[in-house]
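These notes concern the structure reproduced below.
All values below come from the heavy atoms of this structure, side chains included, with hydrogens, waters and symmetry mates left out. In what follows, every chain begins at residue 1, and chains take the letters A, B, ... in the order their sequences are listed.
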2 protein chains.
Amino acid sequence: MIPKKIGVFDSGAGGISVLKNLIESKNFEEIIYYGDTARVPYGIKSKEIIKQYSLEALDFFAPFNLDLLIVACNTVSAYGLNAMQAVAPYPVIGVIEPGILALQNAIQDKNARILILGTKATICSNLYSKLLNAKGYLNTFGLATSLFVPIVEEGIFSGAILDSTIAHYFKQYPSTPDAIILGCTHFPLLADSIANFYPNNPLLIHSGEAIMEYLRNFYTLQNFNTKPKISFCASDSVENLEKIANLWLI
Amino acid sequence: MIPKKIGVFDSGAGGISVLKNLIESKNFEEIIYYGDTARVPYGIKSKEIIKQYSLEALDFFAPFNLDLLIVACNTVSAYGLNAMQAVAPYPVIGVIEPGILALQNAIQDKNARILILGTKATICSNLYSKLLNAKGYLNTFGLATSLFVPIVEEGIFSGAILDSTIAHYFKQYPSTPDAIILGCTHFPLLADSIANFYPNNPLLIHSGEAIMEYLRNFYTLQNFNTKPKISFCASDSVENLEKIANLWLI
């Protein structure tokens, strides 16, 4: 199966940072983006409710006859993915496994210091650390940087608020990371400020880049030489989603 | 009717700042607090979805035979209150009208500069300004300070993050306020930092204090000389709500 018509699911607008890479690849004919904006954010909610909402997203995608669904949300990838994969009639791909693979491809040194950033729910799941430890990377540290999400949603990508927030969280990490996993699809928009905090130019793992690397690895992709048809859908008003898309997809 | 058994509704934990005043009054026998934590926050969502969620909260309260329901959320008070009042079999009281009344009682000068802080939804509703203007207070200014909510939820009540956020928002207000309406039930927890931004010690209007003032004005209240029985309920896990209650209700 060559995936041409794909879905992208996120709790809200964060997945647009992943959508950007999917669009730019020109490997897809049609992309349907669905944000559960009536119940966003997921990252502050319980495991059970995240799993329930993730399964309900499949009902939304049911009429579209997708070739493949991308879960462009780390929180859903941590708690809802297995349940979705068990019932969806097409492959469902999360962002965590691709992130791990991208890190493995970039860093062979198993002693590398890896800082994982994410929502409360993603960090509490401990999934990144578990998977990295299983691959032999033992020097991992998970940090819930909850305020990064509303800061991005507020359209703030640099400046005093962001810098003081980064300093507040990063003082909890007692080392200098060789790599930082941006374990939330909002975080690539803060990449410069995050990277600049450390003097050693750490490698940043970005879910959107990782997912394209993963798809090229495991699927045959068609080259359309043109951008795909995109539909934005949301459980609340779609306006705000389109506004953010216009801002982020430049 | 003397309200003895009352409900308190909020999208999440913010209403606990109002609950505190209700508890301390010792005027109630039993309080049932319900937070729609599975869908929190409301303040970033559309008018239609806020109204729908507000009406659904009445289903939760239906079995309790309440004497009165307090909507301890400015966003619901702005968009859902009228619809709730139209169908509930008991009085439903929001926080906006009491806030206006508290301001009227405290400030007679109709030229007073009034700064209204709230979520995006509350400020977009323009309801505080409309009601104040109708009472003759024409010098009003609404400011959506969206980041205050997640900052409080993160347990940050002072320091560099808050100060830079306050400076970021308040620079949009071209004056020095005589009064600030804390138009979101999270904001009283930031009261000191907010007030300290201005040199003139502006009056702060707090929803919890305003609602007790309103109830004493319009209802006969019994004095129980003891704190009420309290039940915490939530649409997602109730643990986080209880954790915040333990922190806030000190």
Among [options], who wins on heavy-atom pairs under 4.5 Å with chain A?
options                                : result
B/Leu162, B/Ile156, B/Ile44            : B/Ile156
B/Ala144, B/Ser235, B/Ala160, B/Ser164 : B/Ser164
B/Ala38, B/Pro41, B/Gly159             : B/Ala38
B/Ile49, B/Asp36, B/Asp236             : B/Asp236

With a 4.5 angstrom heavy-atom cut-off, is it the side chain or the backbone of [X] that approaches chain A, or both, or neither?
X        : result
B/Val149 : neither
B/Thr37  : backbone
B/Tyr53  : side chain

Parallel, tilted or perpendicular, as decided by the 30° and 60° cut-offs, for the rings of B/Trp248 and B/Phe157: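 Aromatic pair B/Phe157/B/Trp248 classed perpendicular.
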
Test salt bridge (Lys or Arg N to Asp or Glu O under 4.0 Å) applied to B/Lys120 and A/Glu154, step by step: CA-CA 10 Å; B/Lys120 267 197 188 117; A/Glu154 192 69 345; 3.3 Å; yes

Ring centroid separation A/Phe148 to A/Tyr169 under 6.0 Å: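 Yes.
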
Check: B/Phe170 ring centroid to B/Tyr198 ring centroid under 6.0 Å: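 Yes: the rings meet the under 6.0 Å criterion.
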
Exam field: side chain B/Thr185 to backbone B/Cys73, donor-acceptor pair closer than 3.5 Å: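 Checked: no pair found.
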
Charged N-O contact under 4.0 Å between B/Lys51 and B/Glu56: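 B/Glu56 and B/Lys51: not salt-bridged.
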
